[in-house]
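First comes the structure, then the notes that go with it.
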Amino acid sequence: MSGIFDDATRLAHQHLDPATAEAWLHLVRPAVALVESTPDDAVVARLGGQPRLPVGTPWPHLGTTTPLSYVGELDLAALSRTGHEPGIQLPVVGRLAFFVLDDDRYGFADGSDPDSYRVLHLTEDGSTVVSPAGTYTYAEQSLTPRQVATAPDNFDPALPAALGIDAEADYLAWLNHPAQTPAFSDAFDRLRGPVPRHQVGGWAIAVQGPVELEAARTEVRRRSLGPGAGSPSDAVDQDLPNDENRWVLLFQVDSYDDVLWGDVGTLYWLARTDDLARSDLSNTRFVMQCC
């Protein structure tokens, strides 16, 4: 894994002054990029197709009548065997199967409604189950892991905060900061690898804004107002300090082939670090962002 951090270190010291480079490197997290596999590759994840569910596993629904669509699975045991480091504490047994609401009547999954998405931790082998009527079956693709380095995007408040800048109070200083230059941003974007960008762990590659912060806002709002309270709001930001750094990316699925999430968007599932430490995946959060 030293290679990816060596690359990040060279990039930082090439574009940034020494103090800024060290502060930026302190934010860098390892992650596992998932790229389309060849016949000789180890397969650790699959997108689309039909799920393999143990006998007796109920198909996830919104309410009692609307089934969720199957997005894909992450093979935890297979990923562990490769030795790739996702930067988060994952179980090493079983598979994670991911489902979302994708329905003509009710629209797409809503991060504020935990019934509209689901993560199943499957610890037993299963057989292929045909998706029920009313769901979408997405293009099937097998994925193999690549070790990558990740860091927060320029619009993530974690970045200026780590560099000692109050981006809101002095926006022009942040806008003209070396970490904002196109040369640095483009070089780091190339370091993150080709598209589509499917990923396990690390900093999410956001489309519209930091998804970790969006998950934290949703959680605070749900605690304050109850389930189904609606979209996150800046009004709850005063309650975020205890939450925003606890939410980390679990699984990221980019648009791929002919599968377009909204307007060429990305799906994100997140979990809290303390839950992951207990191998507890019952309290995940979902975010979708698109252009």
Side-chain angles (χ1 to χ4, degrees), residues 1 4 29-38 40-60 68-100 109 114 117-129 131 138 140-150 193 196-205 211-212 215 246-254 256 266-287:
M1 192 168 61
I4 64 164
R29 297 175 182 170
V32 176
L34 300 171
V35 300
E36 190 168 8
S37 64
T38 68
D40 295 329
D41 289 329
V43 173
V44 302
R46 299 179 191 275
L47 298 179
Q50 305 294 349
R52 295 178 297 121
L53 300 178
V55 174
T57 302
W59 190 277
L68 307 186
S69 293
Y70 170 68
V71 174
E73 71 167 27
L74 173 65
D75 190 327
L76 298 167
L79 177 60
S80 178
R81 287 194 297 270
T82 68
H84 289 76
E85 175 52 61
I88 57 176
Q89 192 169 343
L90 287 173
V92 297
V93 175
R95 298 170 288 122
L96 300 181
F98 298 85
F99 297 79
V100 294
Y117 59 91
R118 209 69 48 84
V119 180
L120 302 183
H121 185 192
L122 308 172
T123 56
E124 300 176 10
D125 290 336
S127 54
T128 300
V129 176
S131 299
Y138 307 112
E140 189 166 0
Q141 191 176 93
S142 298
L143 304 174
T144 193
R146 297 286 185 269
Q147 193 72 65
V148 294
T150 66
R197 284 172 172 158
H198 312 307
Q199 185 175 301
V200 181
W203 292 92
I205 302 174
V211 299
E212 297 87 353
R246 297 170 63 191
W247 290 95
V248 292
L249 178 68
L250 177 61
F251 194 57
Q252 171 180 307
V253 180
D254 204 354
Y256 67 100
T266 306
L267 310 183
Y268 311 87
W269 284 265
L270 301 99
R272 289 193 293 199
T273 53
D274 48 352
D275 290 334
L276 289 174
R278 300 191 300 270
S279 296
D280 180 2
L281 293 162
S282 63
N283 186 34
T284 56
R285 288 287 169 267
F286 173 81
V287 174

Any heavy-atom pair between the side chains of [Y] and [X] that's under 4.5 Å?
| X | Y | answer |
| --- | --- | --- |
| Glu212 | Trp203 | yes |
| Ile88 | Leu249 | no |
| Leu281 | Leu276 | yes |
| Trp269 | Leu267 | yes |

Taking salt bridge (charged side-chain N to carboxylate O under 4.0 Å, His left out) as the definition, give me every residue that meets it alongside [X], ordered by chain and number, with sequence neighbours left out.
| X | value |
| --- | --- |
| Arg52 | Glu73 |
| Arg118 | none |
| Asp280 | Arg278 |
| Asp41 | none |

What pairs with [X] under side chain to side chain donor-acceptor pair (under 3.5 Å), at least two apart in sequence or on another chain?
| X | answer |
| --- | --- |
| Tyr138 | Asp102 |
| Arg146 | none |
| Asp75 | none |
| Ser142 | Arg46 |

Is a side-chain N or O of [X] found less than 3.5 angstrom from the main chain of [Y], in a donor-acceptor match?
| X | Y | answer |
| --- | --- | --- |
| Gln147 | Glu85 | yes |
| Gln252 | Arg197 | yes |
| Gln199 | Gly201 | yes |

Over all atoms of both residues, closest heavy-atom pair of [X] and [Y]:
| X | Y | answer |
| --- | --- | --- |
| Gln50 | Ser131 | OE1-OG, 2.6 Å |
| Leu34 | Ala45 | CD1-CB, 4.0 Å |
| Arg272 | Asn283 | NH2-ND2, 2.9 Å |

Which distance, rounded to the nearest 0.5 Å, do you find between the [atom1] of [X] and the [atom2] of [Y]?
| X | Y | atom1 | atom2 | result |
| --- | --- | --- | --- | --- |
| Leu250 | Leu90 | CG | CG | 6.5 Å |
| Asp274 | Arg246 | CG | CZ | 4.5 Å |
| Leu120 | Tyr70 | CG | OH | 10.0 Å |
| His198 | Leu47 | NE2 | CG | 5.0 Å |
| Phe99 | Tyr117 | CZ | OH | 15.0 Å |

Original post:
In this structure, are over 12 heavy atoms from other groups packed under 6.0 Å from Glu124 atom CD?
Top reply: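 12 or below, so no.
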
Mind checking what makes side-chain contact (heavy atoms from CB on, under 4.5 Å) contact with [X], not counting sequence neighbours?
| X | answer |
| --- | --- |
| Ala215 | Trp247, Leu270, Arg285 |
| Val92 | Ser80 |
| Val148 | Ala31, Ala33, Thr150 |
| Thr82 | Ala42, Val44, Leu79, His84, Pro145 |

**OP:** Just say parallel, tilted or perpendicular for the rings of Phe98 and Phe251, cut-offs at 30° and 60°.
**Re:**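 Answer is parallel, since the angle falls under 30°.
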
**OP:** Can you spot which of Leu122, Val200, Leu76 makes a side-chain contact (heavy atoms from CB on, under 4.5 Å) with Leu96?
**Re:**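 It is Leu76; the other options fail the test.
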
